[in-house]
Asks: 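One structure coming up, written as structure tokens, with questions to follow.
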Amino acid sequence: DAAGAIVSDGAGTPGTLSITPLAATSTANAIAKTGPGGLLSPSFFGSRRIAAYVFDSGGSPLSGTMDACTDVPYAATITGVTLLSDVSGTVTIDVRTAAYASYTGPSSANTITASDTPALSSAVKYQDTRLPGWNTAVAANSVMCFHLSSPSTLTWVMIDVEGTIQ
């Protein structure tokens with residue numbers, strides 16, 4: 001679903017989308033579907049993205065729990081995770097994976113974060129490159145899901161999982 005997608009050269013200039021087969025590169029790029037009014041900075045299309053997603057409530061505070069999933073067609077090793085939000089607030093976003101063949105919905109994915117679940121606590125940003133306890137190996141043909149819970153104050157929050165392709 002590319003409705004509302006904007007293609008840019010990274011400097012904000014609209015342009016054309018060119019796709020290079022992953023086998024021809026040593027970097028990972030992912031496309032994320034956003035909610036109403038969703039936004040991704042030009043740096044989203046950087047060289048180390050495995051998966052990213054913006055939970056966006058369209059200007060109202062986020063509430064409840066939400067899930068979002070994307071496919072990861074290549075084997076990768078996770079090296080970091082970042083959360084960014086519009087205002088200081090609280091949220092937890094668990095990172096979960098499942099093999100594509102056994103995926104039956106977000107509840108079929110299992111956490112990979114152990115007790116080190118990415119979270120904001122009265123903050124606008126969070127970054128972790130240590131990832132203690134995480135299962136950082138992502139198998140080819142996996143589905144990566146993000147489970148948002150306990151949001152407070154935020155109207156949008158982005159999670160970005162970075163790593164290297166095997």
Asks: For Thr79 and Glu162, run side chain to side chain donor-acceptor pair (under 3.5 Å): C-alpha distance rounded to whole Å, both residues' side-chain angles, the deciding distance at 0.1 Å, then the answer.
Replies: CA-CA 6 Å; Thr79 59; Glu162 296 183 349; 5.1 Å; no

Asks: Hey, does Cys69 have a side-chain heavy atom less than 4.5 Å from the side chain of Tyr103?
Replies: yes

Asks: What pair of heavy atoms forms the shortest contact from Gly64 to Pro151, and how long is it?
Replies: O-CD, 3.2 Å

Asks: What's the shortest heavy-atom distance between Ala139 and Ser142, and which atoms?
Replies: O-OG, 2.6 Å

Asks: Can you tell if the side chain of Val157 reaches within under 4.5 Å of the side chain of Ile93, non-hydrogen atoms only?
Replies: yes

Asks: Do you know the tightest heavy-atom contact between Ala123 and Ser88?
Replies: N-OG, 3.3 Å

Asks: Using side-chain heavy atoms (C-beta onward) and a distance below 4.5 Å, is Leu83 in contact with Met158?
Replies: no

Asks: For Ala119 versus Thr92, what's the shortest heavy-atom pair and its separation?
Replies: CB-OG1, 3.8 Å

Asks: Give the cluster check for Ile165 versus Val143: same hydrophobic cluster or not, with ILVMFWY residues linked at side-chain heavy-atom distances below 4.5 Å.
Replies: no

Asks: Evaluate side chain to side chain donor-acceptor pair (under 3.5 Å) for Asp94 paired with Thr111, printing each intermediate quantity in order.
Replies: CA-CA 7 Å; Asp94 192 14; Thr111 185; 2.7 Å; yes

Asks: Treat each ILVMFWY residue as a node, draw an edge where side-chain heavy atoms are under 4.5 Å apart, and state whether Leu148 and Val87 are in one component.
Replies: yes

Asks: Does the side chain of Val81 come within less than 4.5 Å of Trp134's, by heavy atoms?
Replies: yes

Asks: Run through Thr136, Thr117, Asn135 and flag the one making a side-chain contact (heavy atoms from CB on, under 4.5 Å) with Ile112.
Replies: Asn135

Asks: Measure the spacing between CD1 of Ile50 and OG1 of Thr164 and express it to the nearest 0.5 Å.
Replies: 7.0 Å

Asks: Identify the two heavy atoms, one from Cys145 and one from Ala109, that lie closest to each other, and give their separation to 0.1 Å.
Replies: SG-CB, 4.0 Å

Asks: Could you tell me the separation between the CD1 atom of Ile159 and the OG atom of Ser85, rounded to the nearest 0.5 Å?
Replies: 12.5 Å

Asks: Check whether any side-chain N or O of Trp156 sits under 3.5 Å from a backbone N or O of Val54 as a donor-acceptor pair, and report yes or no.
Replies: no

Asks: Honestly curious: do Leu131 and Val72 fall in one hydrophobic cluster under the side-chain, below-4.5 Å linking rule?
Replies: yes

Asks: Side chains of Thr113 and Pro118: does their closest heavy-atom pair fall under 4.5 Å?
Replies: yes

Asks: Check for a donor-acceptor pair, side chain of Thr129 on one end and backbone N or O of Gly80 on the other, with a separation under 3.5 Å.
Replies: no

Asks: I need the His147 NE2 to Ser107 OG distance, nearest 0.5 Å.
Replies: 10.5 Å

Asks: Hey, does the side chain of Thr155 reach the backbone of Gly59 with a donor-acceptor pair shorter than 3.5 angstrom?
Replies: no

Asks: Looking only at non-hydrogen atoms, find the nearest pair between Met144 and Thr97 and report the distance.
Replies: CE-CG2, 4.2 Å

Asks: For a 4.5 angstrom cut-off between non-hydrogen side-chain atoms, does Val91 reach Ser152?
Replies: no

Asks: Under 4.5 Å between any side-chain heavy atoms of Val124 and Leu84, yes or no?
Replies: no

Asks: Measure the spacing between CG of Leu62 and CG of Asp56 and express it to the nearest 0.5 Å.
Replies: 7.5 Å

Asks: Quick one: CZ on Phe55 to CG on Leu154, what's the gap to the nearest 0.5 Å?
Replies: 12.0 Å

Asks: Do Asp67 and Phe146 have side-chain heavy atoms sitting under 4.5 Å apart?
Replies: no

